[in-house]
Amino acid sequence: LLFDDRMIDHDPGPGHPERPDRLRAIEAMLTLRTASRTLQRATPASVESIARVHSDRHLVSVREFEGRYGSLDEDTHVSPESVSAAWLAAGAATTAVDVVCRGEAQNAFALVRPPGHHATAAGAMGFCLFNNIAVAAAHAKAVHGKQRVLIVDWDVHHGNGTESIFYGVDDTLFFSIHQYPYYPGTGARHVVGAGAGVGFNVNVPLGEGANDADYAFAFASVLGPIAESYRPDIVLVSAGFDAHRNDPLGGMQLTEEGFAGLCGQVTEIARRYAGGHLVMLLEGGYDLAGLAKSANACIDVLADATPPVITGRRTGHGERDVVAAIEVQREHWKL
């Protein structure tokens, strides 16, 4: 587990959903755990690691906000410590990859903020300054020689920034399951990549109200078979918990048990094809209790607890949405 209380100092302002209490809530529940764990502090990312996925102009624009209040877009506000927190978040991402790839741990979960998956190569967006998961993927390839990176994004919002960064390559497969239509308006199922990346961008958009069983069905029938064909050598997860049924920004019906089930499925994919190498990075999640319970449920699974079996019924619209995504992906994968 990577955690650093300096990331709590990032404060977007009164009433902002991406508030410091998010990490405090996870930390408070961690203190109640009896299972052994390793907590590691973050170190700032190197300029080189950030520059692999972000433009020089973006780096300059972020640095202009060091030590002061301001806004990078209409939703992305910063305080004097926010830029430092963003460097730490990206640094935690690369450190998590390092400890896993060096065999110091089989898996890692970086509890970071600000989140990252909306940040594009050229700009901040949607609470995100740097794209932490993209930085992690590029680091895995450049430093550890990984050739097939699987990114799984289960945040309630589509990871448009991550998609755009890897849209034209085949050494990174991006899988996103998300509420649709919803912010930021991207993530339609027919958007499958371009050039060498055709087929390596997988969107499973679900209508509002999808539940644990819908998500489990999508993972079993879309992600699992694609991973079997792709055979990733590392699995990275954009772990947003704003699809929780109590989240104020989402409209989905997932429970903490549902998230633990998803974690079990990505853990199994990593075990089968990637030597167990799995890195999770915190993204969204704005109901404090739902966030803390869901994150800790996933931590239990990473620590070898048996994932729950999801036994509820699928919603009719959720099942139809998954089947529609399967039909699109059959043009590129054996499903």
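Side chains included, hydrogens not; waters and symmetry mates left out as well; all remaining heavy atoms used. The model shown is predicted, which means the values in this text are computed figures rather than measured ones.
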May I ask you to say whether R41 pairs ionically with D5, meaning some side-chain N is under 4.0 Å from a carboxylate O? yes

Is the distance between the ring centroids of Y69 and H77 less than 6.0 Å? no

pair L88-E81: side-chain heavy atoms closer than 4.5 Å: no

Which residues satisfy the salt bridge (charged side-chain N to carboxylate O under 4.0 Å, His left out) test with R231, sequence neighbours excluded? none

Please check if the number of heavy atoms outside E48 that lie under 6.0 Å from its CD is greater than 12. no

Would you call the rings of W154 and F259 parallel, tilted or perpendicular if under 30° counts as parallel and over 60° as perpendicular? tilted

Pairing of R330 and E327 as salt bridge, 4.0 angstrom limit: yes

CA sep, side-chain torsions, deciding dist, call: T186, H158, side-chain hydrogen bond (donor to acceptor under 3.5 Å, both in side chains): CA-CA 6 Å; T186 53; H158 178 243; 2.6 Å; yes

Quick check against the 3.5 Å criterion: does H54 have a side-chain atom that pairs as donor or acceptor with the backbone of N131? yes

Side-chain heavy-atom pair R245, T255 within 4.5 angstrom cut-off: yes

Ring centres of H332 and F200 under 6.0 Å apart? no

side-chain hydrogen bond (donor to acceptor under 3.5 Å, both in side chains) evaluation trace for N211 with T315: CA-CA 7 Å; N211 62 19; T315 66; 5.2 Å; no

I'd like to check the ring-ring contact (aromatic ring centres under 6.0 Å, His included) partners of H144; sequence neighbours left out, ordered by chain and number. H139

Mind checking whether F241 and F109 have parallel, tilted or perpendicular rings, split at 30° and 60°? tilted

What pairs with D73 under salt bridge (charged side-chain N to carboxylate O under 4.0 Å, His left out), at least two apart in sequence or on another chain? none

Would you say D233's side chain and R148's backbone share a donor-acceptor pair under 3.5 angstrom? yes

Give a yes/no verdict on a cation-pi contact between R68 and F65, requiring under 6.0 Å between NZ or CZ and the six-membered ring centre and an angle within 45° of the axis. yes

Are R113 and E18 close enough for a salt bridge, meaning some N to O gap below 4.0 Å? yes

